[in-house]
A.B. asks: 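Here's a structure for you.
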2 protein chains.
Amino acid sequence: MLNPLKNVLQEHGLKATTQRLTLLEYMMTHDNHPTAEMIHNELPDISLATVYNTLEKFVEKKLVVIIDGISDGKRHYDAADHPHYHVINTKTNEIIDAANFDPAPLIKAAQAATGLKITEYRIDLYGVEPNTNEVHS
Amino acid sequence: MLNPLKNVLQEHGLKATTQRLTLLEYMMTHDNHPTAEMIHNELPDISLATVYNTLEKFVEKKLVVIIDGISDGKRHYDAADHPHYHVINTKTNEIIDAANFDPAPLIKAAQAATGLKITEYRIDLYGVEPNTNEVHS
DNA sequence: TAATAGTTTAGAACCATTCTAATATTATAG
DNA sequence: CTATAATATTAGAATGGTTCTAAACTATTA
């Protein structure tokens, strides 16, 4: 048990295959919010079907989250290492991770409003560069 | 100018066609978070292409928002009348509107973190019925 | 009422994602 | 170590929600 990623997989009830170890490490060490195709291009030895299958498992196990409000029409993925939210630059489609917000009040409000037990949340904000050419107030 | 919906369209630079008036009224008076196909079924005189085209315009003009984290794989739409967030029951895919949360601190935090001017945000929470069969703690 | 700019439409096309079913691998037990 | 069962991987086909096309129509303006 010298490979901690292998532990992570097994603790989540997933067989530790080469592909899963490679994919998990990739997601853990990159914050580029890739699509399945981008990952497949970076890791061509893993078939596109396996990229999709494996990411789906990782999402189920909450190791990865989906970002799907991007105007390129593709599903992006992000490691779920630590709680954070996303800010998307709508001009460039750049996806920025941010964490300077405590979701606890939101989760409490949602539980109060619906009676449901909140298991996940997603916060995406969309913004643009402020116009620095503004000359007079 | 007796039709206030006509005003809404024209104020947003959209020609007031029959289809747009019908669709806008539909969205304003329903909180069922329909897909394009559901709307087309309810309003069969409006072609599916027009439903998509028109909703796209409405989203551009911020009259409507997209809800696309639903596990049915389809895009849902919601009137953007008043600021609110969504809570999705992941067992039933029911989408619940809620408004008991002030997004201002979140928007402030995002602007502070990124320097971007936030123009939109999306908050979706996912939850399940709390298990009422739990017998002992 | 004519001009024009924009809208609607049916159906075709697209393409990201899912499915299929044959092959290969992991984990477990003997 | 095997053998075994269960699960994972894969190439390529299929799917289906959404977008595109280009021809017919309509709101708007003068």
A.B. asks: OP1, OP2 of dA27(D) versus side-chain N and O of Q10(B): anything below 4.0 Å?
C.D. replies: no
A.B. asks: Any side-chain heavy atom of M27(B) sitting closer than 4.5 Å to one from L63(B)?
C.D. replies: no
A.B. asks: Using modelled atom types and a 3.5 Å cut-off, is there a donor and acceptor pairing between side-chain atoms of H30(A) and backbone atoms of Y26(A)?
C.D. replies: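 Yes; at least one donor-acceptor contact below 3.5 Å.
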A.B. asks: Rounded to the nearest angstrom, tell me the gap between atom NZ in K57(B) and atom C1' in dT19(D).
C.D. replies: 14 Å
A.B. asks: If you count every heavy atom of other residues, nucleotides or ligands that lies below 6.0 Å from K117(B) atom NZ, does the total exceed 12?
C.D. replies: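 Check fails, neighbour count at 12 or below.
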A.B. asks: Along DNA chain C, 5' to 3', what are the outermost nucleotides having an atom less than 4.0 Å from a heavy atom of chain B?
C.D. replies: dA5(C) to dA10(C)
A.B. asks: Check whether any side-chain N or O of T119(B) sits under 3.5 Å from a backbone N or O of Y126(A) as a donor-acceptor pair, and report yes or no.
C.D. replies: yes
A.B. asks: Just by distance, with hydrogens left out, do D78(A) and H84(A) show a side-chain donor and acceptor under 3.5 Å apart?
C.D. replies: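 Present: a donor and an acceptor within the cut-off.
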A.B. asks: Are side-chain heavy atoms of H40(A) and T35(A) found at a separation under 4.5 Å?
C.D. replies: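 No, their side chains stay 4.5 Å or more apart.
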A.B. asks: Report, as yes or no, whether the 6.0 Å neighbourhood of atom CD on E37(A) holds more than 12 heavy atoms from other residues, nucleotides or ligands.
C.D. replies: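 Counting other residues, nucleotides and ligands, CD of E37(A) stays at 12 neighbours or fewer.
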A.B. asks: Give me the residues of residues 39-54 of chain B where at least one heavy atom lies under 4.0 Å from an atom of DNA chain D, by number, or none.
C.D. replies: A49(B), Y52(B)
A.B. asks: Is a side-chain donor-acceptor pair under 3.5 Å present for N32(B) with Y77(B)?
C.D. replies: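 Y77(B) vs N32(B): no donor-acceptor pair found between side chains.
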A.B. asks: Going through the checks in order, is the salt bridge (Lys or Arg N to Asp or Glu O under 4.0 Å) test met by E120(A) and K62(A)?
C.D. replies: CA-CA 9 Å; E120(A) 269 172 276; K62(A) 300 197 203 302; 3.1 Å; yes
A.B. asks: Does R122(B) pair with D124(A) as a salt bridge, N-O distance under 4.0 Å?
C.D. replies: yes
A.B. asks: Rounded to whole angstrom units, what separation is found between the NZ atom of K15(A) and the C1' atom of dT9(D)?
C.D. replies: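 Rounding to the nearest Å, NZ of K15(A) and C1' of dT9(D) are 11 Å apart.
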A.B. asks: Between the main-chain N or O of I88(B) and the side-chain N or O of E94(B), is there a donor-acceptor pair closer than 3.5 Å?
C.D. replies: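 Looks like no, no N/O pair under 3.5 Å.
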A.B. asks: To the nearest Å, give me how far apart CG (L55(B)) and P (dT18(D)) are.
C.D. replies: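 Distance, rounded to whole Å: 10 Å.
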A.B. asks: Whole Å only: how far is the CD atom of E37(B) from the C1' atom of dG17(D)?
C.D. replies: 9 Å
A.B. asks: Below the 4.0 Å mark, does dT26(D) have OP1 or OP2 next to a side-chain nitrogen or oxygen of T18(B)?
C.D. replies: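 Checking dT26(D) against T18(B), no side-chain N or O comes under 4.0 Å of OP1 or OP2.
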A.B. asks: Taking for each residue the nucleotide of DNA chain D bearing the nearest heavy atom, is the 5' side occupied by L14(B) or by Y77(B)?
C.D. replies: Y77(B)
A.B. asks: Mind listing the residues from residues 19-28 of chain A sitting with a heavy atom below 4.0 Å of DNA chain D? Number order is fine.
C.D. replies: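 Hits under 4.0 Å, by residue number: Q19(A), R20(A).
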A.B. asks: Please state how far atom CZ in R75(A) lies from atom C1' in dG16(D), giving the value in whole angstrom units.
C.D. replies: 14 Å
A.B. asks: Contact class for A36(B) vs. all strands (heavy atom < 4.0 Å): base, sugar-phosphate, or nothing?
C.D. replies: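 No contact.
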